[in-house]
Every structure is written in structure tokens, then in C-alpha cells.
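Working notes, beginning with the structure itself.
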Amino acid sequence: MSLTTDFIGELVRDANRMERLDAFQKRRMLERAVATIADLREAVGIPKGPGRDIVLDIHTTALSVERGWRNDSQVRDAFLLAAGMIRDLHIVLDSATRVSIVSNHGVCL
């Protein structure tokens, strides 16, 4: 198994034992997930762009955990969302699929 698949397993396992993690551990896992998603997106050629990005929601959840602004259910959902995104990006990367973004004007970026 790769480090990526190991991390996906950690996210899913921790999502299922949320009550055993303290706020610091929850925040750190989500921060790792956000960084991993950014790295994988870059590796498959998905550029950072304007507009709403669900990864921002995951990062906001990470920052809110220690303040008590998110309950375990919300944090669990963020863990599972991140795990799914990382899994999907890992599949794209392993398949050597090229990603190209087309603007509203039909120009590849």
C-alpha cells in the first residue's frame, strides 16, 4: 500500500472513532487532508482557481474544531469527504489521466 492509501485508511478509521480523538488530533488530520488534496490536485494538473472550493469547507472545519464550533458529526463528515476526494485524485493520478480545464470561452488552460 502507498502512503496515500494508508492516509485514506486513517481518515476513515478515525471518522469511525471520532470520540477517541481530541480536538488537536482532529484538526491535524483535517489539515493533513487539505495539504494532501492540494498536492494531488497539483500532480494531476488541476489549477487553483477562483470560485467556491469544497476544500475550503474542510479547512474551515479544521480551524473550528478546537474552538468547539463543529460537533463530531460535522467533523466526521469532513473526514469522509476528504478521504473520498483523496481516493478519487489518487485514482486519477495512478491512471495517468490528463486533466485539462476549459474556460467559458473554449480555451484550454
Which value, rounded to the nearest 0.5 Å, describes the distance between [X] atom [atom1] and [Y] atom [atom2]?
| X | Y | atom1 | atom2 | result |
| --- | --- | --- | --- | --- |
| Ile37 | Glu42 | CD1 | CD | 14.0 Å |
| Leu93 | Asp88 | CG | CG | 12.5 Å |
| Asn71 | Asp77 | CG | CG | 8.5 Å |
| Asp53 | Ile46 | CG | CD1 | 10.0 Å |
| Leu21 | Met18 | CG | CE | 6.0 Å |
| Leu89 | Asp94 | CG | CG | 11.0 Å |

Report, one line per pair, each donor and acceptor closer than 3.5 Å where one atom sits in a side chain of residues 62-69; sequence neighbours left out.
| unit_1 | atom_1 | unit_2 | atom_2 | d |
| --- | --- | --- | --- | --- |
| Ser64 | OG | Thr60 | O | 2.7 |
| Glu66 | OE1 | Arg27 | NH1 | 2.4 |

Ile91-Ile8 co-clustered via ILVMFWY side chain contacts under 4.5 Å: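 Ile91 does not cluster with Ile8.
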
Within 6.0 Å of CZ in Arg17, more than 12 heavy atoms from elsewhere: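 Yes, the 6.0 Å shell around CZ holds more than 12 heavy atoms from other groups.
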
Salt-bridge present (Arg32, Glu10; N to O < 4.0 Å):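 Salt bridge: yes.
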
Audit row: Leu80, Leu11, side chain to side chain contact (heavy atoms under 4.5 Å, CB included) steps and yes/no: CA-CA 7 Å; Leu80 295 175; Leu11 283 165; over 6 Å; no

Close side-chain approach of His90 to Thr5, heavy-atom, < 4.5 Å: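 When only atoms from C-beta onward are counted, Thr5 and His90 do touch, with a gap below 4.5 Å.
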
Non-hydrogen atoms of Arg28 and Glu31 that approach each other most closely: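 Smallest interatomic distance, heavy atoms only, reads NH1-OE1, 3.0 Å.
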
Taking every non-hydrogen atom, the tightest pair across Thr61 and Gln74: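 The pair with the smallest heavy-atom distance is CG2-O, 4.5 Å.
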
Residue pair Met85, Arg41: steps toward the side chain to side chain contact (heavy atoms under 4.5 Å, CB included) verdict: CA-CA 10 Å; Met85 291 179 73; Arg41 281 180 169 180; 3.5 Å; yes

Working for side chain to side chain contact (heavy atoms under 4.5 Å, CB included), residues Phe79 and Val75: CA-CA 6 Å; Phe79 272 51; Val75 177; 3.5 Å; yes

Steps toward side chain to side chain contact (heavy atoms under 4.5 Å, CB included) verdict (Asp14, Gln25): CA-CA 10 Å; Asp14 286 349; Gln25 291 169 311; over 6 Å; no

Derivation of the salt bridge (charged side-chain N to carboxylate O under 4.0 Å, His left out) call for Asp72 and Lys26: CA-CA 10 Å; Asp72 279 351; Lys26 293 172 188 175; 2.6 Å; yes

